[in-house]
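Since the structure comes first, as structure tokens, the remarks are kept for the end.
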Amino acid sequence: MDTFARTDEQRDRLARLGELADRFMADAHAADEENRISERFVAALREFGYPAYPVPREWGGQGMTVYEMVLYQERIAQGDPATALGMGWHVSVLSELVQRKPWPDETIARICEDIVKRGALINKMASEAATGSPSRGGKPQTYAVQVPEGYRIHGRKTFATFSPVLDYFIVTAVMQDTGEMTEFLIPNGTEGLRIEPTWNMVGMRGTASHDLVLDGVVVPEEARVQRTSRQPTHAPNPFLLHVPACYLGIALAARREALKFAASYQPNSLDKPILYAPNVGQHLGSIDLELTAARHFLYAVAAKYDDGAYDPELYPAEMAAAKSFAVQTAISVVDKALRITGAHGLSLGHPLQRLYRDVRFGLSNPPMDDVTMRLLAQHAIREGEAMM
């Protein structure tokens, strides 16, 4: 299908990233079976320089746009969805930092320098068992106390995606004395910080989204990088479109597996492979119809931001709609791919059964469908009220 690359540079990068993703497909399968990160693929992406793509060009990065991010994340996911999702969180968190600059400039510059030099990885730790998704407004129970050395932090974060390979953790916490919300930047290896291997899910096993435990972690004053009187509220980060890109990558991988099977499987009751069977053709046509619509929608929303042609009031709803539509499409495509392969695709040795398990996690990544519908409904209601 169309790669959506617009320039020679994008086509070249896409081809090289695609070669890497395809090379490590077997390792993605092994990582899923062993419930671990695909360390070799992560190392290859570091060596490739991909973690630094969001860093501005003047700081040694590539200044990756939202459109480019969707392009590359979708391709990485075709080889290894779990690694794509984990790397996507690094990309989106870093992109938000360099674009919105919520921290002191020197701190962001220092982190970017480390990312450019050695491919350091960063992610934000906000979810907790008692609060659920931070997007729902839950207040963290992780707390910090001021001490002579700086701050002492206690708490536990869930869904710490990519935690075994991260170099920096951004931890949301509440100041115990004032109730003030804040963020701390904590390097991996800090005393009192440990990763508890709790991730034992049916899908996205290679994200290693374990618990991050902060048992009296002491950090210096400069580790407190952001202070707010309440939980931050701002326009959604457009780089969160890495989520739908990942799940459309899964759908494209499922399409590929269905085509490979259909082109090679020929029961002795037929004189040619099932690729030419009318019912298989119906499934393939439906798959391509759904994928064409979802991909054009996602890439259009991404381009709209880069071009500055978006309405700030409407754009959050458009982003949410693109995500929900992409995930629903991906689930439908994987289901149709399995209808083509039949029971063969459910074999534990077949890639489709892993894609089937991985794609379900899109329903749990933000924003959830009910949030999307609420945002869309609010705009429709305001439009209706204007007609009164």
Side-chain angles (χ1 to χ4, degrees), residues 21-22 24-42 73-89 123 127 132-133 158-165 197-211 242-262 283 286-287 290-291 294-295 323-369:
D22 293 346
F24 289 101
M25 280 178 62
D27 195 53
H29 193 79
D32 174 81
E33 289 183 332
E34 298 164 18
N35 199 27
R36 62 167 174 82
I37 285 178
S38 179
E39 294 93 348
R40 294 196 307 143
F41 189 19
V42 173
Q73 287 294 132
E74 182 188 66
R75 185 62 184 91
I76 293 170
Q78 291 178 54
D80 185 346
T83 295
L85 190 61
M87 194 62 70
W89 286 115
N123 197 2
S127 296
S133 171
T158 56
F159 303 119
T161 300
F162 252 32
S163 49
V165 294
T198 55
W199 188 247
N200 189 27
M201 296 291 187
V202 71
M204 284 296 180
R205 294 165 66 79
T207 62
S209 301
H210 302 303
D211 283 8
H242 81 88
V243 173
C246 175
Y247 291 96
L248 287 181
I250 292 176
L252 287 165
R255 176 185 184 271
R256 178 190 61 217
E257 294 300 329
L259 279 172
K260 282 169 55 180
F261 180 84
H283 285 313
S286 181
I287 283 172
E290 293 179 34
L291 272 173
R295 295 180 77 214
K323 183 267 178 179
S324 290
F325 192 62
V327 171
Q328 291 168 14
T329 296
I331 291 172
S332 175
V333 166
V334 174
D335 180 72
K336 289 180 174 65
L338 277 168
R339 291 175 187 271
I340 292 172
T341 63
H344 299 275
L346 292 174
S347 165
L348 288 177
H350 200 286
L352 259 180
Q353 56 81 24
R354 173 169 51 85
L355 298 174
Y356 178 76
R357 291 182 284 110
D358 283 349
V359 78
R360 302 296 303 179
F361 274 71
L363 297 172
S364 301
N365 289 138
M368 280 49 155
D369 285 350

Validation row: Lys336, Ser332 side chains within 4.5 angstrom (heavy atoms): yes

Inter-residue atom distance Thr329.OG1 - Arg295.CZ, 0.5 Å rounding: 11.5 Å

Side chain to side chain contact (heavy atoms under 4.5 Å, CB included) evaluation trace for Ile287 with Ile340: CA-CA 11 Å; Ile287 283 172; Ile340 292 172; 4.3 Å; yes

Closest non-hydrogen atom pair between Ala82 and Met204, with its separation: CA-SD, 3.7 Å

Spatial distance of atom CD (Glu74) from atom CG (Leu252) [nearest 0.5 Å]: 5.0 Å

Heavy-atom side-chain contact between Gln73 and Cys246 under 4.5 Å: no

Whether over 12 other heavy atoms sit under 6.0 Å from Phe261 CZ: yes

Test log, rule side chain to side chain contact (heavy atoms under 4.5 Å, CB included), inputs Arg255 and Val334: CA-CA 7 Å; Arg255 176 185 184 271; Val334 174; over 6 Å; no

Pairwise distance CG(Leu338) to CD(Glu257) - rounded to 0.5 angstrom: 10.5 Å

pair Leu363-Ile331: side-chain heavy atoms closer than 4.5 Å: yes

Nearest atoms (heavy-atom pairs only) where Ala294 meets Ala326: CB-CA, 4.5 Å

Steps toward side chain to side chain contact (heavy atoms under 4.5 Å, CB included) verdict (Tyr247, Lys323): CA-CA 9 Å; Tyr247 291 96; Lys323 183 267 178 179; over 6 Å; no

Point-to-point distance, once rounded to the nearest 0.5 Å, from CD of Gln353 to NE2 of His29: 6.0 Å

Separation of Phe162 CZ from Thr83 OG1 (nearest 0.5 Å): 4.5 Å

Flag if over 12 foreign heavy atoms under 6.0 Å of CZ, Arg339: no

Arg354 with Asp80: basic N within carboxylate O range, under 4.0 Å: no

Mutual orientation of the aromatic rings belonging to Phe24 and Phe41 [parallel < 30°, tilted 30-60°, perpendicular > 60°]: parallel

Which atom of Ile37 lies closest to which atom of Ala208, heavy atoms considered: CG1-CB, 3.4 Å

Polar side-chain atom of Arg360 near backbone of Tyr356 as donor-acceptor pair, under 3.5 Å: no

Side chain to side chain contact (heavy atoms under 4.5 Å, CB included) evaluation trace for Asp358 with Leu85: CA-CA 10 Å; Asp358 283 349; Leu85 190 61; over 6 Å; no

Modelled atom types, side-chain donor and acceptor of Glu290 and Ser286, under 3.5 Å: yes

Phe361 and its side chain to side chain contact (heavy atoms under 4.5 Å, CB included) partner, picked from Thr207, Ile250, Val202: Val202

Least distance between heavy atoms, Leu352 atom then Ala254 atom: CD2-CB, 3.7 Å

Separation of Asn200 CG from Asn35 CG (nearest 0.5 Å): 5.5 Å

Minimum heavy-atom distance Gln78-Gly249, with the two atoms named: CG-O, 3.4 Å

Heavy atoms from other residues, nucleotides or ligands near CZ of Arg256 exceed 12 (cutoff 6.0 Å): yes

Flag, side chain of Ser127 to backbone of Phe159, donor-acceptor distance under 3.5 Å: no

Minimal non-hydrogen separation, Leu348 against Glu33, with atom names: O-OE2, 4.3 Å

Side chain to side chain donor-acceptor pair (under 3.5 Å), paired with Ser209, selected from Thr158, Asn123, Thr161: Thr161

